[in-house]
Amino acid sequence: MKEKLNYITNNIKSCRARAGYSQEQVADLLNISRATYCDYETNPKKVKVGTLQEIADVLNCNLTDFFMEIKVTNSD
């Protein structure tokens, strides 16, 4: 279970980075505090699915993107 939560955490951060937003900017767009948004990124088990969908909408990604396992390979 913890591994799956790490996917969510990493994927939300990755989607936010691709969108070019800071945590503060996303929090402002969601009308929540930065501390609350930061908690969503670090403790996704506390986030309701509806809230995850709102985050996905703000970041212009699909909700399912948060749950995908990303395989990182070293191409060196």
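Note that the coordinates shown come from a computational prediction; the quantities given were computed from them, not determined experimentally.
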Would you mind telling me which of I12, V47, L52 makes a side-chain contact (heavy atoms from CB on, under 4.5 Å) with Y40?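 Filter result, single survivor: V47.
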Side-chain contact test, heavy atoms from C-beta onward, threshold under 4.5 Å: evaluate it for F66 versus L63 and give yes or no.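 Contact flag for F66/L63 side chains = yes.
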Would you indicate whether the side-chain heavy atoms of D28 and E24 approach each other to under 4.5 Å?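 Yes, their side chains come closer than 4.5 Å.
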Tell me whether D39 contacts the main-chain N or O of A35 through its side chain, where contact means a donor paired with an acceptor under 3.5 Å.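 Looks like no, no N/O pair under 3.5 Å.
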Could you give the distance from [atom1] ([X]) to [atom2] ([Y]), rounded to the nearest 0.5 Å?
| X | Y | atom1 | atom2 | result |
| --- | --- | --- | --- | --- |
| N43 | I8 | CG | CD1 | 11.5 Å |
| C61 | R16 | SG | CZ | 12.0 Å |
| R34 | E41 | CZ | CD | 9.0 Å |

For L30, give me all partners under side chain to side chain contact (heavy atoms under 4.5 Å, CB included), at least two apart in sequence or on another chain.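 Residues passing side chain to side chain contact (heavy atoms under 4.5 Å, CB included) with L30: V26, I32, Y37, E54, I55, V58.
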Quick one: side chain to side chain contact (heavy atoms under 4.5 Å, CB included) partners of D57, sequence neighbours excluded?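 Applying side chain to side chain contact (heavy atoms under 4.5 Å, CB included) to D57 gives Q53.
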For C15 against D65, the heavy-atom pair lying closest together: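 Residues C15 and D65, closest heavy atoms: SG-CB, 4.3 Å.
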